[in-house]
Amino acid sequence: QVQLVESGGGSVQAGGSLRLSCAGSGYTYSRYAMSMAWFRQAPGKEREGIASMNPRGRTNYADSVSGRFTISQDNAKNTLYLQMNSLKAEDTAMYYCAARAGSSYSPLSESTYTYWGQGTQVTVSS
């Protein structure tokens, strides 16, 4: 059973930075065959896919975070990261990491992913 555990959330002022981590374990498939992604959900809004990485390392970003957020991974540590810079109040949300085996034609679609973490809260004050 794949388990994903996020960490690194917190409160920060607008313009600041945070780095989220997602530690993975229990992969049935090779870790290198997994697509990974970050989603977020603000109160009263739908969950939004913001960054993804497929098994070949190809990344996709939502327009709302492109140029400010960077997804990366450390395969030796089975850990996915989201570096968030120039944070804005509208980035306030619960952030989730997600995983699936193989690639997808819709890498930022919620329905694409099989495994989910419990989330970590990010609060940006203006």
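Note that the numbering runs from 1 along the sequence shown for the chain.
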Using distance alone, with no hydrogens and no angle criterion, decide if Ser64 and Glu48 have a side-chain donor and acceptor under 3.5 Å apart.
yes

Checking side-chain polar atoms at under 3.5 Å, does Ser17 have a donor or acceptor matched by the opposite partner on Asn85?
yes

When you group the ILVMFWY residues by side-chain heavy-atom contacts below 4.5 Å and let the links chain together, are [Y] and [X] in the same group?
X	Y	result
Met36	Tyr61	yes
Leu4	Leu108	no
Val12	Tyr81	no

From [X] [atom1] over to [Y] [atom2], what is the distance, rounded to the nearest 0.5 angstrom?
X	Y	atom1	atom2	result
Glu110	Gln41	CD	CD	7.5 Å
Arg47	Ser111	CZ	OG	12.0 Å
Met53	Thr70	CE	OG1	9.5 Å
Asn78	Gln73	CG	CD	9.5 Å
Lys88	Arg68	NZ	CZ	4.5 Å
Ile71	Gln83	CD1	CD	12.5 Å

Closest non-hydrogen atom pair, [X] against [Y]:
X	Y	value
Ala42	Ala93	N-CB, 3.8 Å
Leu80	Cys97	CD2-CB, 4.3 Å
Thr79	Ser21	CG2-CB, 4.1 Å
Leu18	Leu87	N-CD1, 3.9 Å
Pro107	Ser104	CD-O, 3.8 Å

Do other residues, nucleotides or ligands put more than 12 heavy atoms under 6.0 Å from the CD atom of Gln3?
no

So for atom CD, which belongs to Gln121, do other residues, nucleotides or ligands contribute more than 12 heavy atoms lying within a distance under 6.0 Å?
yes

Between [X] (side chain only) and [Y] (backbone N and O only), is there a donor and an acceptor less than 3.5 Å apart?
X	Y	answer
Ser35	Gly102	yes
Gln118	Glu6	no
Thr114	Arg100	no

Taking the side chain as everything from C-beta on, heavy atoms only, tell me whether Leu82 gets closer than 4.5 Å to Ile50.
yes

Met84 side chain reached by Asp91 side chain, heavy atoms, under 4.5 Å:
no

Carefully, step by step, assess Val65 and Trp38 under the rule side-chain contact (heavy atoms from CB on, under 4.5 Å).
CA-CA 11 Å; Val65 306; Trp38 288 97; over 6 Å; no

Once disulfide (SG to SG under 2.5 Å) is applied, what residue pairs with a partner in residues 49-91 remain, sequence neighbours excluded?
none

Hydrophobic side-chain clustering at under 4.5 Å (ILVMFWY, transitive links): who's grouped with Met94? Put none if nobody.
Phe39, Tyr96, Tyr113, Trp116

